Amino acid sequence: MDHKELISKLVFDNLNIPEISQDDIKQCLNIPPEPALGDFALPCFKFSKALKNSPVNIANALAEKISRKALPAEIDKVQAVNGYLNFYLNRPKFMQETAERFKNGVPKQDIGHGRVICIDYSSINIAKHFHMGHLSTTAIGGSLYRIFNFLGYKSVGINHLGDYGTQFGKLICAYKMWSSEEKLEKDGLNELHELYIRYHQEAETNPQLDDIAREWSKKIEQKDPEAVKIYERFKEITLQNIGKIYDRLGVVFDSYLGESFFADKVGGVVKLLEEKNLLEESDGAKVVRLDEYDMPPCLILRSDGASLYATRDLATAIYRKQTYDFYKCLYVVAYQQNLHFKQFFKVLELMGFDWAKDLVHVSYGMVSMEDGAMSTRSGRLIKLADVLDKAVEKIKGIIKEKNPDAQNIDETAEAVGVGAVIFSSLCNSKIKDIVFSWDRVLNFDGETGPYLQYTHARCCSVLKKAGVDYNNFALPQNLQDIEADFGSSIDDNSWTLIKNIDTFFDQIVLAAQNYEPSIIANRIMDIAQGYNKFYFDYKILDDNLSVQKARLLITLAVKNCLKTGLELLLLKPIEQM
RNA sequence: GCGCUCGUAGUUCAGCUGGAUAGAAUGCUUGCCUCCGAUGCAAGAGGUCAGGGGUUCGAGUCCCUUCGGGCGCGCCA
């Protein structure tokens with residue numbers, strides 16, 4: 001029986017209000033703001049009317065009545081304060097149970113039962129640099145991918161490549177005029193980036209360029225061998241470059257089917273829309289009216305008959321449902337596109353697909369620069385690779401300074417530097433906008449990734465010193481038969497720490513429900529802070545082996561939470577740094 | 001103009017279905033390594049939870065309204 005169940009039963013048995021059930025009482029239970037006020041509290045204000053008495057008197061009477069009989073072993077005492085009925089758990093017992101429960105890792109429940117979660121994330125554009133604006137979708141999606149797998153779902157990562165559109169005609173036009181395979185070979189994505197910028201500059205004074213570009217676009221669609229060859233080369237260069245970044249970030253994809261794949265599959269969608277009588281002509285274009293739902297119409301076909309973003313998204317969603325039979329399909333895309341997703345989800349629903357309700361737009365805030373939005377076209381952007389490199393370099397300096405004898409400095413600096421950047425992107429609510437700042441992204445003090453990794457390494461270090469084989473969760477011989485004594489480390493900090501560990505799994509579930517990795521980030525931050533204070537307050541390797549065993553078990557539980565949490569946030573739980 | 005969204009210490013942010021004295025981190029000031037990793041720990045200072053109404057025994061949290069920032073609103077994605 002869990003504590004809420006136990007406590008609500010205790011109260012129910014002593015409170016005689018016919019219209020209030022044990023379940024109602026359970027619902028009312030909450031957690032006091034600080035440990036000094038107990039572990040669970042029942043506000044008695046609601047009973048005031050029924051009992052025609054003041055909340056203070058009710059709480060006092062309940063406390064007395066409950067305390068008169070013997071309390072269950074889990075509960076230490078019951079106290080009434082200002083109309084609240086406060087319950088105090090037995091700390092050593094609870095700490096022991098929790099630490100034992102987390103000894104072999106974070107205990108898991110299978111909530112997913114293998115159901116498929118499609119996650120459309122990162123979804124980069126061909127021929128463009130991976131810049132800071134792309135980090136959120138990649139980090140959030142990559143983290144959700146791991147979170148859902150952890151919970152027993154089957155994640156399917158989809159990189160819906162931006163590989164379709166008129167910009168590729170422009171790029172080929174620019175390539176033919178100003179570039180060559182030699183230059184591509186040498187400068188790769190940088191060359192493509194420069195061509196893109198140059199094209200837009202020159203097109204302003206030379207409108208003929210757009211005509212040539214349009215020709216090339218048409219040639220790509222008609223599968224003209226030369227156009228396709230050049231275009232495929234652009235794609236190859238992009239994927240090579242960005243693959244390196246994905247490796248560094250630790251994100252994976254199960255599919256790279258992009259827009260071009262779906263561009264010639266929109267016919268079926270249009271036909272279906274016509275059959276359902278949803279399509280309407282308007283100013284030469286074909287639209288689905290959504291007035292009834294307080295939304296502007298959803299554009300399906302341009303006046304020249306070409307498909308649009310929404311059309312291809314409809315085709316893509318149908319394809320994904322057929323291919324993966326997903327339980328949910330997530331789109332990790334910035335909030336600018338809120339309306340687009342609302343519209344396209346609604347259109348799918350109107351088409352009669354009941355699974356439209358399983359599509360979720362996971363929207364997040366945007367990253368901008370101090371002087372405005374990032375833009376590839378104008379060349380105002382900050383490349384992620386540069387940020388990662390700078391972070392790694394700075395970390396390397398810190399390690400060399402503080403821990404000159406460290407092993408594998410390069411490897412460690414890579415894990416910590418990259419981790420710091422990822423963490424900065426995952427630690428806040430995803431909806432918040434971020435103004436990029438070098439100072440902020442390169443600050444490693446306080447609530448940062450390095451702090452978490454440091455704390456994990458610190459745990460490993462103590463455990464190792466004590467002879468704990470933490471990879472196999474085995475205590476050393478000399479502690480095996482000793483009874484752990486938790487009684488000597490039950491202050492409020494240690495207590496809060498253990499309670500944060502106790503509910504760690506629930507937080508992971510909450511993070512999944514809200515598609516919000518920052519919930520996990522906040523929790524492991526609390527655990528790390530609590531542990532660092534614990535570490536300072538107590539000697540882990542106490543001479544008294546019973547005490548030592550208890551503290552090692554707490555350390556192991558902390559380590560396991562940090563490891564799992566870090567991994568779910570794409571950070572590496574390194575063992576020394 | 002309409003719609004969505006955000007507004008909490010100087011700054012960046014937490015704050016579970018409404019609950020007790022609003023919490024961290026970072027600036028800043030100042031302590032702590034003869035002891036398990038000082039990338040650590042602690043103390044001080046810093047708040048009209050944007051303003052105003054309302055619902056409630058109780059509002060940072062819910063409702064209305066004003067102000068301010070961001071985003072979106074037909075042939076881009």
Side-chain angles (χ1 to χ4, degrees), chain A residues 27-28 30-34 37 41-46 48-49 54-55 81-84 86 123 125 162 164-167 259 282-287 294-304 306 308-310 312-313 333-340 342-343 363 365-366 368 373 395 398-399 401-403 416 424 427-429 431-435 437 439-440 443-448 450-455 457-466 503 506-507 510 518-519 521-523 525-526 528-529 532-542 548 551-552 555 576-577:
Chain A
Q27 288 296 314
C28 291
N30 59 40
I31 294 164
E34 50 182 307
L37 292 166
L42 180 74
C44 295
F45 308 97
K46 283 188 177 125
S48 202
K49 249 178 209 163
S54 79
V81 181
N82 296 332
Y84 289 87
N86 294 334
S123 298
N125 293 318
Y164 180 84
T166 50
Q167 69 267 33
E259 286 186 85
S282 169
D283 296 334
K286 296 272 172 89
V287 307
D294 294 320
M295 280 187 270
C298 182
L299 280 264
I300 301 295
L301 291 177
R302 292 196 319 219
S303 20
D304 65 2
L308 280 148
Y309 186 35
R312 294 191 290 277
D313 267 355
V333 179
Y335 66 61
Q336 279 102 318
Q337 296 185 32
N338 278 356
L339 178 60
H340 165 256
K342 261 176 79 179
Q343 288 180 312
S363 74
M366 44 180 251
S368 59
I395 290 286
I398 295 172
I399 296 176
E401 179 195 327
K402 307 212 168 179
N403 192 3
V416 178
S424 75
C427 66
N428 292 334
S429 303
I431 197 66
K432 304 250 179 188
D433 288 328
I434 299 168
V435 177
S437 134
D439 285 347
R440 209 173 307 138
N443 170 41
F444 308 131
D445 295 325
E447 296 175 335
T448 61
Y451 177 87
L452 294 171
Q453 287 169 315
Y454 169 78
T455 308
R458 192 181 224 186
C459 289
C460 291
S461 174
V462 196
L463 290 167
K464 216 179 292 172
K465 193 152 284 186
T503 53
D506 306 331
Q507 290 294 296
L510 194 65
S518 69
I519 291 175
N522 286 333
R523 175 52 62 92
M525 188 56 69
D526 284 343
Q529 286 173 333
N532 278 321
K533 181 160 170 48
F534 178 83
Y535 181 92
F536 181 83
D537 289 341
Y538 297 109
K539 191 173 160 99
I540 310 295
L541 304 179
D542 196 273
Q548 180 180 141
R551 292 176 185 166
L552 283 172
T555 303
Q576 55 181 359
M577 59 188 279

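What you see is a predicted model, and the numbers here were worked out from it, not measured in a lab.
- Across the P atoms, B:G27 and B:U39 are found 15 Å apart, a figure rounded to whole Å.
- With a 4.5 Å cut-off on side-chain heavy atoms, A:Asn522 and A:Gln507 do not count as touching.
- To the nearest whole angstrom, the two P atoms, one in B:U17 and one in B:C63, are 13 Å apart.
- Projected onto RNA chain B by closest heavy-atom contact, A:Tyr451 and A:Leu37 fall at different nucleotides, the more 5' of which corresponds to A:Leu37.
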Counting primed atoms, P, OP1 and OP2 as sugar-phosphate and everything else as base, the B/S/- map of nucleotides 71-77 of chain B against protein heavy atoms under 4.0 Å is SSSBBSB
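- Straight-line distance from the CZ atom of A:Phe444 to the P atom of B:G40: 13 Å, rounded to whole Å.
- Among the protein residues, A:Leu510 comes within range of no part of the nucleic acid, since none of its heavy atoms lies under 4.0 Å from any strand.
- Rounded to whole Å, the separation between the P atoms of B:C67 and B:C76 comes to 36 Å.
- If you check every strand for non-hydrogen atoms under 4.0 Å, A:Met577 touches a base.
- Going from atom CG of A:Asp445 over to atom C1' of B:C28 covers 15 Å, rounded to whole Å.
- Rounded to whole angstrom, the span from the NZ atom of A:Lys402 across to the C1' atom of B:G40 amounts to 9 Å.
- Across all strands shown, A:Gln453 has no heavy atoms under 4.0 Å from either base or sugar-phosphate atoms.
- B:G27 takes the syn form, because its glycosidic angle lies no more than 90° either side of 0.
- Here A:Pro55 lies out of heavy-atom contact (under 4.0 Å) with every strand.
- Looking at heavy-atom distances under 4.0 Å, A:Ala457 makes contact with a base.
- Checking the phosphate oxygens (OP1, OP2) of B:G37, a side-chain nitrogen or oxygen of A:Lys465 falls inside 4.0 Å.
- Note on A:Arg458: a side-chain N or O is less than 4.0 Å away from OP1 or OP2 of B:A38.
- Under the rule for a ring pair (Phe, Tyr, Trp, His ring centres under 6.0 Å), the partners of A:Phe45 that lie at least two apart in sequence or sit in another chain are A:Tyr84.
- The aromatic ring of A:Phe45 stacks onto the base of B:G19, its centre lying under 5.5 Å from the centre of the six-membered base ring with the two planes under 30° apart.
- Note on A:Asp506: nothing from the nucleic acid sits closer than 4.0 angstrom, heavy atoms only.
- B:U5 sits 24 Å from B:G52 when the P atoms are compared, rounded to a whole Å.
- When heavy atoms are screened at a 4.0 angstrom cut-off, A:Ile31 is found touching base atoms of the nucleic acid.
- Residue A:Asn428 is in sugar-phosphate contact alone, with no base atom involved, counting any heavy-atom pair closer than 4.0 Å across all strands shown.
- Nucleic acid contact class of A:Tyr84 (heavy atoms, under 4.0 Å, all strands): base.
- Interatomic distance, A:Met525 CE to A:Thr455 OG1, rounded to the nearest 0.5 Å: 8.0 Å.
- Pairing for B:C13 is with B:G23, a Watson-Crick or G-U wobble pair whose two hydrogen-bonding atom distances lie under 3.5 Å.
- Rounded to a whole Å, the CG atom of A:Asp526 is 11 Å from the P atom of B:A25.
- A:Lys533 comes within 4.0 angstrom of the backbone, heavy atoms only, and of no base.
- Across all strands, A:Phe534 comes closer than 4.0 Å to no nucleic acid atom at all (heavy-atom distances).
- Across all strands shown, A:Asn86 has heavy atoms under 4.0 Å from base atoms, whether or not it also approaches the sugar-phosphate.
- Under the 90° criterion around 0 for the glycosidic angle, B:C13 counts as anti.
- Distances shorter than 4.0 Å separate none of the side-chain N or O atoms of A:Tyr535 from OP1 or OP2 on B:C33.
- Annotation: B:G58 and B:G19 have their C1' atoms spaced 7 Å apart (nearest Å).
- Residue contacts for A:Ala466: at a heavy-atom cut-off of 4.0 Å it reaches no nucleic acid atom on any strand shown.
- Nucleotides B:C6 and B:A45 have their P atoms positioned 34 Å apart, rounded to a whole Å.
- Residues A:Ile398 and A:Lys49 each lie close to RNA chain B; by heavy-atom proximity, the contact nearer the 5' end of the strand is made by A:Ile398.
- Rounded to the nearest Å, the gap between the P atom of B:G47 and that of B:U55 is 31 Å.
- For the pair A:Arg458 and A:Tyr535, the cation sits on the ring face: its NZ or CZ lies under 6.0 Å from the ring centre, inside 45° of the axis.
- Contact between the side-chain N/O atoms of A:Lys432 and the OP1/OP2 oxygens of B:A14 is found at a separation under 4.0 Å.
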